[in-house]
Colleague: 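Please find one structure pasted underneath; my questions will follow.
Just so you know, residue 1 is the first one in the sequence shown, and it goes up from there.
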Amino acid sequence: MSADGAGEDEDNLLQNFLPLRDYSRLADKRIFLITGGRGSGKTELFRILTSCGGLDHVMSQKDRRRYTNLGESVFFVGYAARGPEAKAFPTSNVCDDLLKNEKPDHLGSFWGGLLCSVILREYGGEDRIRQLADQYFAPSVKEGLQKNSSEISKWWKALDSEKEKWESFLDKADSFFKEKDLCVFLVYDELDRICGNYEDLFAFIRSLLDFWYRHNSRYTNLKAKIFLRSDLYNAKSLRFVDASKMGAYRFELNWNKVALYRLLVKRLANLGIEDPVSYLKDVPELLQAEKNPALGYLPGNSEKAFEAFAAKMIGKYMGSNAKRGESYTWVPNHIQDANGEMAPRAFLKCFAFAAEDMLSHGDDISKLEADRLLLPTRLQGLSQGFPVTE
């Protein structure tokens, strides 16, 4: 299990991913903003959507039947600051320079241009899209959008001075996708890295939210999923037009105790080692009977099973009696932030670092009773010196 609680390799991304029931809301075309605290799983969801078949592994078949109007859907990166996809977008220093010369209110053309560039890269070979591009863009602008989207000097001025052209291109591209019964989602992440100046950051985020607030109801088959840290969304600097009406378009990532333990169990079961699987199967209802071909072992839903698992792994209490608290609730209670919210990254880190700490102290192993894996004192020590609410 990764010490930072993240599955960084594409090979184990699905094996580490836990689809929560709330994730079915991602299929709602109205929802274009997904917020969550640090370590709440935003980037993992972003990668699942853009690299692992979109909603295929995010929703159950039962939930998919609730969204019969979704049709076929594809997910493309609308913005990312790292990884191979990032090369299609301008670097932070380029975005810094843009705001030195342009007013923040003009950034709608920036996001509109990047949207056009994605459509041209992915569907430029379609006759209808190619005809629309030839109709609304000069050859040099079309080439800049399609092949050099990160070099905004090659298309920015043209788009900002003739907004009606790229707006018309997107309107008709949306109609084209509707005719094909194809919903094209643009997915945005790492917006806190789009520029180097913290205050300028809000100009880009505000304009992106405003862009999709204005266009979400206009487009039927061009949609967005924007992943954004909750602290940035709630910042006073992000005030934008109609921000008070965003509730209908926003989904907040929240975790509870059961979900956190389900994730821990799934990570342990899918390490590729048989011993942890046997250990987990000793607890009734902890794992589902059948192994999923893509997601691997899946945890059950019984809270009593997770309570029994915590008692088996740590002991029923964090000490010799109940005064120090029950082990099942102790870690979730100690990783809560000031708002009572819990993040999976912090939860997983607690157990991963406690295990590493025990391995570095060989005499700890001899202190374990029966088939326990962790000493409560190692978890308690982390709460004093480790920033679990990171």
Colleague: Taking the side chain as C-beta and beyond, is there a heavy-atom pair between Cys350 and Ile335 under 4.5 Å?
Modeller: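 Answer yes - side chains close enough.
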
Colleague: Could you walk me through whether Arg25 and Asp28 pass the salt bridge (Lys or Arg N to Asp or Glu O under 4.0 Å) check?
Modeller: CA-CA 5 Å; Arg25 296 188 64 190; Asp28 189 335; 5.8 Å; no

Colleague: Pair Phe177, Tyr123 - check ring pair (Phe, Tyr, Trp, His ring centres under 6.0 Å), show working.
Modeller: CA-CA 10 Å; Phe177 294 130; Tyr123 296 99; 5.0 Å; yes

Colleague: Enter the distance from Ile273:CD1 to Ser278:OG here, rounded to the nearest 0.5 Å.
Modeller: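 The CD1 atom of Ile273 sits 11.5 Å away from the OG atom of Ser278.
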
Colleague: Measuring only between side-chain heavy atoms, which start at C-beta, is Asp192 closer than 4.5 Å to Arg229?
Modeller: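 Yes; the side chains approach each other to less than 4.5 Å.
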
Colleague: Show the nearest heavy-atom pair for residues Gly78 and Leu186, with the distance to one decimal.
Modeller: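 So the two residues come closest at CA-CD1, 3.7 Å.
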
Colleague: Considering only NZ, NE, NH1 and NH2 on the basic side and carboxylate oxygens on the acidic side, decide whether Lys157 and Asp160 come within less than 4.0 Å.
Modeller: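 Salt bridge: no.
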
Colleague: Any side-chain heavy-atom pair from Lys163 and Leu159 closer than 4.5 angstrom?
Modeller: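 They are not in side-chain contact.
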
Colleague: At what distance, to the nearest 0.5 angstrom, does CD of Glu307 lie from OG of Ser302?
Modeller: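 Interatomic distance, Glu307 CD to Ser302 OG, rounded to 0.5 Å: 8.0 Å.
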
Colleague: Do Arg214 and Asp210 meet the salt-bridge criterion of a basic N to acidic O distance under 4.0 Å?
Modeller: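 Salt bridge flag = yes for Arg214 with Asp210.
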
Colleague: How many angstroms lie between atom NZ of Lys225 and atom NZ of Lys29, to the nearest 0.5 angstrom?
Modeller: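 Here the rounded value is 10.0 Å.
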
Colleague: Write down the atom of Asn292, the atom of Ala294, and the distance for their closest heavy-atom approach.
Modeller: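 Closest heavy-atom pair between Asn292 and Ala294: OD1-N, 2.9 Å.
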
Colleague: Examine the side chains of Tyr136 and Lys142 and answer whether a donor and an acceptor come within less than 3.5 Å of each other.
Modeller: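 No donor-acceptor contact under 3.5 Å links the two side chains.
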
Colleague: Main chain of Ala80, side chain of Asp189: is a donor-acceptor contact present, judged purely on distance under 3.5 Å?
Modeller: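 Not confirmed, Asp189 side chain does not pair with Ala80 backbone.
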
Colleague: For the backbone of Ser150 and the side chain of Lys154, can you confirm whether one donor and one acceptor N or O come within less than 3.5 Å of each other?
Modeller: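 No, because the side chain of Lys154 does not come within donor-acceptor range (under 3.5 Å) of the backbone of Ser150.
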
Colleague: Check each of Leu55, Ile31, Ile48 against Leu26 using the side chain to side chain contact (heavy atoms under 4.5 Å, CB included) test, and report the only one that passes.
Modeller: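 Only match with Leu26 under side chain to side chain contact (heavy atoms under 4.5 Å, CB included): Leu55.
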
Colleague: After noting the C-alpha distance and the side-chain angles of Lys223 and Asn216, does the key distance pass the side-chain contact (heavy atoms from CB on, under 4.5 Å) rule?
Modeller: CA-CA 6 Å; Lys223 296 294 178 179; Asn216 188 61; 3.5 Å; yes

Colleague: Indicate, with yes or no, if Leu368 and Leu268 share a hydrophobic cluster defined by side-chain heavy-atom contacts under 4.5 Å among Ile, Leu, Val, Met, Phe, Trp and Tyr.
Modeller: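 Leu268 clusters together with Leu368.
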
Colleague: Could you tell me if the ring centre of Tyr213 sits under 6.0 Å from that of Tyr249?
Modeller: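 That pair passes the under 6.0 Å test.
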
Colleague: Scan residues 254-300 for pairs that pass ring-ring contact (aromatic ring centres under 6.0 Å, His included), counting only residues two or more places apart or in two chains.
Modeller: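 Every pair satisfying ring-ring contact (aromatic ring centres under 6.0 Å, His included) with a residue in residues 254-300: Tyr261-Tyr328, Tyr261-Phe347.
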
Colleague: Can any side-chain N or O of Lys266 pair as donor or acceptor with the backbone N or O of Gln15 at less than 3.5 Å?
Modeller: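 Yes.
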
Colleague: Can you find a heavy atom in the side chain of Phe211 that is under 4.5 Å from one in the side chain of Leu115?
Modeller: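 Side chain of Phe211 against side chain of Leu115, heavy atoms only: contact under 4.5 Å found.
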
Colleague: Return yes if a side-chain donor-acceptor contact under 3.5 Å exists between Ser92 and Arg193, otherwise no.
Modeller: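 No, no side-chain donor-acceptor contact under 3.5 Å.
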
Colleague: Under 4.0 Å between a Lys/Arg side-chain N and an Asp/Glu carboxylate O for Asp171 and Arg218?
Modeller: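 Judged by the 4.0 Å cut-off on N to carboxylate O distance, Asp171 and Arg218 do form a salt bridge.
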
Colleague: Yes or no on side-chain contact (heavy atoms from CB on, under 4.5 Å) for Asp22 and Asn254, after CA distance, side-chain angles and deciding distance?
Modeller: CA-CA 9 Å; Asp22 285 349; Asn254 290 309; 5.7 Å; no

Colleague: Cluster question for you: counting only ILVMFWY and a side-chain heavy-atom cut-off of under 4.5 Å, with indirect links fine, are Tyr198 and Ile205 together?
Modeller: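 Per the 4.5 Å side-chain linkage, Tyr198 and Ile205 are co-clustered.
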
Colleague: Run the ring-centre check on Phe137 versus Phe169 and record whether the distance is less than 6.0 Å.
Modeller: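 Yes, the ring of Phe137 comes within the 6.0 Å limit of the ring of Phe169, centre to centre.
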
Colleague: Does some side-chain heavy atom of Asp231 sit less than 4.5 Å from a side-chain heavy atom of Arg38?
Modeller: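 Side-chain contact under 4.5 Å: yes.
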
Colleague: Might you work through the side-chain contact (heavy atoms from CB on, under 4.5 Å) test for Leu253 and Leu20, ending with a clear yes or no?
Modeller: CA-CA 10 Å; Leu253 297 176; Leu20 299 180; over 6 Å; no

Colleague: Main chain of Gly112, side chain of Trp166: is a donor-acceptor contact present, judged purely on distance under 3.5 Å?
Modeller: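 Not a single qualifying donor-acceptor pair exists.
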
Colleague: Of all the heavy-atom pairs spanning Leu375 and Met358, show the shortest one and how long it is.
Modeller: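 Scanning both residues, the minimum pair turns out to be N-SD, 3.3 Å.
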
Colleague: Using the rule that two of Ile, Leu, Val, Met, Phe, Trp, Tyr join whenever any of their side-chain heavy atoms come within less than 4.5 Å, decide whether Val331 and Val258 are in one cluster.
Modeller: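 Yes, Val331 connects to Val258 through the hydrophobic network.
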
Colleague: Going from CZ on Phe17 to CZ on Arg267, what distance comes out if it is rounded to the nearest 0.5 angstrom?
Modeller: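 Separation between the atoms: 10.5 Å.
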
Colleague: Mind checking the CG-CG spacing from Asp174 to Leu222? Nearest 0.5 Å is all I need.
Modeller: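 Going from CG on Asp174 over to CG on Leu222, the span is 4.5 Å.
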
Colleague: For the pair His215 and Trp212, name the ring-plane relationship: parallel under 30°, tilted 30 to 60°, perpendicular over 60°.
Modeller: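 Judged by the thresholds at 30° and 60°, the geometry between His215 and Trp212 is perpendicular.
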
Colleague: With distance as the sole test, does Asp357 use its side chain to make a donor-acceptor pair with the main-chain N or O of Phe353 at under 3.5 Å?
Modeller: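 Judged by distance alone, no pair lies under 3.5 Å.
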
Colleague: If we only count heavy atoms from C-beta on, is the Phe351 to Met313 side-chain gap below 4.5 Å?
Modeller: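 Yes - at least one pair of side-chain heavy atoms lies under 4.5 Å apart.
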
Colleague: I want to check something: taking the side chain as every heavy atom from C-beta on, are Asn12 and Asn270 in contact at a cut-off of under 4.5 Å?
Modeller: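 Asn12 vs Asn270: side chains apart.
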
Colleague: Quick one: does Asn301's side chain get under 4.5 Å of Arg262's, heavy atoms only?
Modeller: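 Yes, their side chains come closer than 4.5 Å.
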
Colleague: Do the side chains of Asp97 and Lys100 get close enough for a salt bridge, i.e. N-O under 4.0 angstrom?
Modeller: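 Result for this pair is yes, salt bridge flagged.
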
Colleague: Identify the heavy atoms of Cys52 and Leu13 that sit nearest to each other, and give their distance.
Modeller: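 Minimum heavy-atom contact is SG-CD2, 3.7 Å.
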
Colleague: List the steps and the verdict of side-chain contact (heavy atoms from CB on, under 4.5 Å) for Leu295 and Leu18.
Modeller: CA-CA 8 Å; Leu295 296 169; Leu18 176 67; over 6 Å; no

Colleague: Which atoms form the tightest heavy-atom contact between Leu132 and Ala173, and what is the distance?
Modeller: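 Of all heavy-atom pairs spanning Leu132 and Ala173, the closest is CD1-N, 3.9 Å.
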
Colleague: Sub-3.5 Å donor-acceptor pair from the side chain of Ser230 to the main-chain atoms of Gly36, do we have one?
Modeller: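 It does hold such a pair.
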
Colleague: Any sub-3.5 Å donor-acceptor pair from Gln146's side-chain atoms to Leu120's backbone N or O?
Modeller: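 Yes: the side chain of Gln146 pairs with the backbone of Leu120.
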
Colleague: Can the ring centroids of Phe204 and Phe110 be said to lie less than 6.0 angstrom from one another?
Modeller: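 Between Phe110 and Phe204, which both carry aromatic rings, the centre distance is below 6.0 Å.
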
Colleague: Salt bridge between Lys42 and Glu44, side-chain N to carboxylate O under 4.0 Å?
Modeller: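 Judged by the 4.0 Å cut-off on N to carboxylate O distance, Lys42 and Glu44 do not form a salt bridge.
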
Colleague: Under a 3.5 Å distance rule, please check whether Asn148 uses its side chain to pair with a backbone N or O of Glu151 as donor and acceptor.
Modeller: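 Here the side-chain-to-backbone pair does not exist.
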
Colleague: For a quick test of reading the model, state the closest non-hydrogen atom pair linking Leu287 to Ala269 and the distance between them.
Modeller: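 Closest pair (atom of Leu287, atom of Ala269, distance): CD2-CB, 4.0 Å.
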
Colleague: Is Phe75 reachable from Phe251 through a run of I, L, V, M, F, W or Y residues, each pair having side-chain heavy atoms under 4.5 Å apart?
Modeller: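 Yes, Phe251 and Phe75 fall within the same hydrophobic cluster.
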
Colleague: Side chain of Thr50, backbone of Val77: donor and acceptor closer than 3.5 Å?
Modeller: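 No; judged by distance alone, with no hydrogens or angles, the pair does not exist.
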
Colleague: If only side-chain N and O atoms count, and only distance matters, is there a donor-acceptor pair under 3.5 Å linking Trp156 with Ser109?
Modeller: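 No pair is found: no donor N or O on one side chain lies under 3.5 Å from an acceptor on the other.
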
Colleague: Going from NE2 on His334 to CD on Gln380, what distance comes out if it is rounded to the nearest 0.5 angstrom?
Modeller: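 His334 NE2 to Gln380 CD: 8.0 Å, rounded to 0.5 Å.
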
Colleague: Check for me, please, whether Leu373 and Tyr317 land in the same ILVMFWY cluster - side-chain distances under 4.5 Å, paths through other members count.
Modeller: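 No, separate clusters.
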
Colleague: Between Tyr79, Trp111, Phe46, which is the residue that forms a ring-ring contact (aromatic ring centres under 6.0 Å, His included) with Tyr188?
Modeller: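 Among Tyr79, Trp111, Phe46, the one meeting ring-ring contact (aromatic ring centres under 6.0 Å, His included) with Tyr188 is Trp111.
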
Colleague: Tell me if a side-chain donor or acceptor on Asn221 pairs with a main-chain N or O of Leu182 at a distance below 3.5 Å.
Modeller: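 A pair under 3.5 Å: yes.
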
